[in-house]
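Written out below as structure tokens is the structure these notes cover.
We use all heavy atoms of the structure for the numbers below, so side chains are in, but hydrogens, waters and symmetry mates are not. First listed ligand is number 1; within each ligand, the first listed atom is number 1.
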Amino acid sequence: MSITAEFANRLKRLPPYLFARIDELKEEALRKGTDLIDISIGDPDLPTPDHIVEAMKRAVEKPEHHKYPSYAGMLSYREAVARWYKGRFGVDLDPALEVLSLIGSKEGIGHIPLAFVNPGDIVLCPTPAYPVYSIGTIFAGGEPYYMPLKEENRFFPDFSSIPEDVLKRAKMMFLNYPNNPTSQTATVEFFKEAIEIADRYDIIICHDNAYSELYFDGKKPISFLEVDGAMEVGVEFHSLSKTYNMTGWRIGFVCGNRQVISGLGKIKTNIDSGVFQAIQEAAIVALGSDESVLDRLRSVYQERRDVFVDGLQSIGLDVNRPEATFYVWAKVPGGFTSESFTVHLLEKAGILGTPGNGFGEPGEGYIRFALTVDAGRLGEAVSRIRDAL
Ligand SMILES: *Cc1c(COP(=O)(O)O)cnc(C)c1O
């Protein structure tokens, strides 16, 4: 005898997992001893910079950090965030009321709908996209309304195509620039348009700025919060994960509109107990890093981008050169679908990318590659792709 442990309806509402077949083929390739170039995952291959690791070692020895942390995050951490925002974006934040620590930004993104979305409320979600926007919505009982990001609109949603009744029922909108997976960066004009819609229809904007520091050619991406009116309608999620190669540390933050921050804070107070203080102390050191540390990381990614994009273009693939993020969003060659091209590259070239439709149906016809192996391997990947075509 055994219990049925039937999953709740919210789990049954999850979109189908599209990578099962690819996962299987990857396992098979590894079993066969294939020299796999895995450029499917957005996780930096380089280690966390030494000065941050050293700060963590010192912090972990302090008994005062071994207790439950404060829910909102140490004030010193939130002050470091506010200083960083002022220095990087010229945005003023009140560290006590307009900044909240997160256990990685995924945690905050996944939980924020619980604070504001009632069953049946609409949440405007981009697609293709990071899956957590729509999944957090579904877990809160909300209805995702998908805004397609199309190349002909420079991968921005077309607000004018959203029906009036949808806008009226919408409670929240997620946006993400520099964008995963398309690598598009935002413009002030685009954010202004989003703020206007939010203001007119009373919609909370949640902007995910996880990739703001991963830019090329000196073109710094903007913050949503530096645009006039943004603080009145929304918040920005940020993370130390991609900027400082700290994905495993689980620390991020959200900042902006204080009413929105306080709603998410209420949810978090009731389900988690904050971020280990030693990690917050190391994060303060990270946020105070000398810009040369980040410049070095950016130049590593920029070299990779150029080797890979030049290479793919030279063998006839249709790819744009990203201005930010470590993703290359490439059109699959004629005759292939996202999935069939991904499988073809895996079987014929030992290269693993991510099929674009896995991020949402309008991603069909694309494949995403992550610049998370060294330039030599990316050069090797290009020759193998050439041979497989
Ligand atoms: C990687 C990533 C994040 C960051 O996640 P953390 O939980 O902070 O590690 C957030 N948004 C997008 C779009 C990402 O790709």
For this session: Please list, chain by chain and in numerical order, all residues satisfying ring pair (Phe, Tyr, Trp, His ring centres under 6.0 Å) with F89, sequence neighbours excluded.
Result: W84, Y85
For residues 278-291, tabulate all N or O donor-acceptor pairs below 3.5 Å that involve a side-chain atom, not counting sequence neighbours.
residue : atom : partner : partner atom : Å
Q280    : OE1  : M74     : N            : 2.7
Q280    : NE2  : V275    : O            : 2.8
E281    : OE1  : H65     : NE2          : 2.4
E281    : OE2  : K62     : NZ           : 2.6
S289    : OG   : H51     : NE2          : 2.8
S289    : OG   : A286    : O            : 2.6
D290    : OD1  : S292    : N            : 3.0
D290    : OD1  : S292    : OG           : 3.0
E291    : OE2  : R298    : NH2          : 2.8

Exercise. What do the steps show when you test Y177 against F156 for ring-ring contact (aromatic ring centres under 6.0 Å, His included), and what is the final call?
Worked result: CA-CA 9 Å; Y177 296 96; F156 294 130; 5.2 Å; yes
Seminar exercise, completed: Within the 4.0 Å heavy-atom cut-off around ligand 1, the contacting residues, ordered by chain and number, are G104, S105, K106, Y130, Y133, N176, N180, D208, A210, Y211, S239, S241, K242, R250
Donor-acceptor pairs under 3.5 angstrom involving side-chain atoms of residues 20-28: please list them, not counting sequence neighbours.
residue : atom : partner : partner atom : Å
R21     : NH1  : E339    : OE2          : 2.7
D23     : OD2  : Y17     : OH           : 2.8
K26     : NZ   : D38     : OD2          : 3.1

Seminar exercise, completed: With H207 as partner, the option from F174, F191, Y133 fulfilling ring-ring contact (aromatic ring centres under 6.0 Å, His included) is F191
Exercise. Side chains of S273 and Y71: does their closest heavy-atom pair fall under 4.5 Å?
Worked result: yes
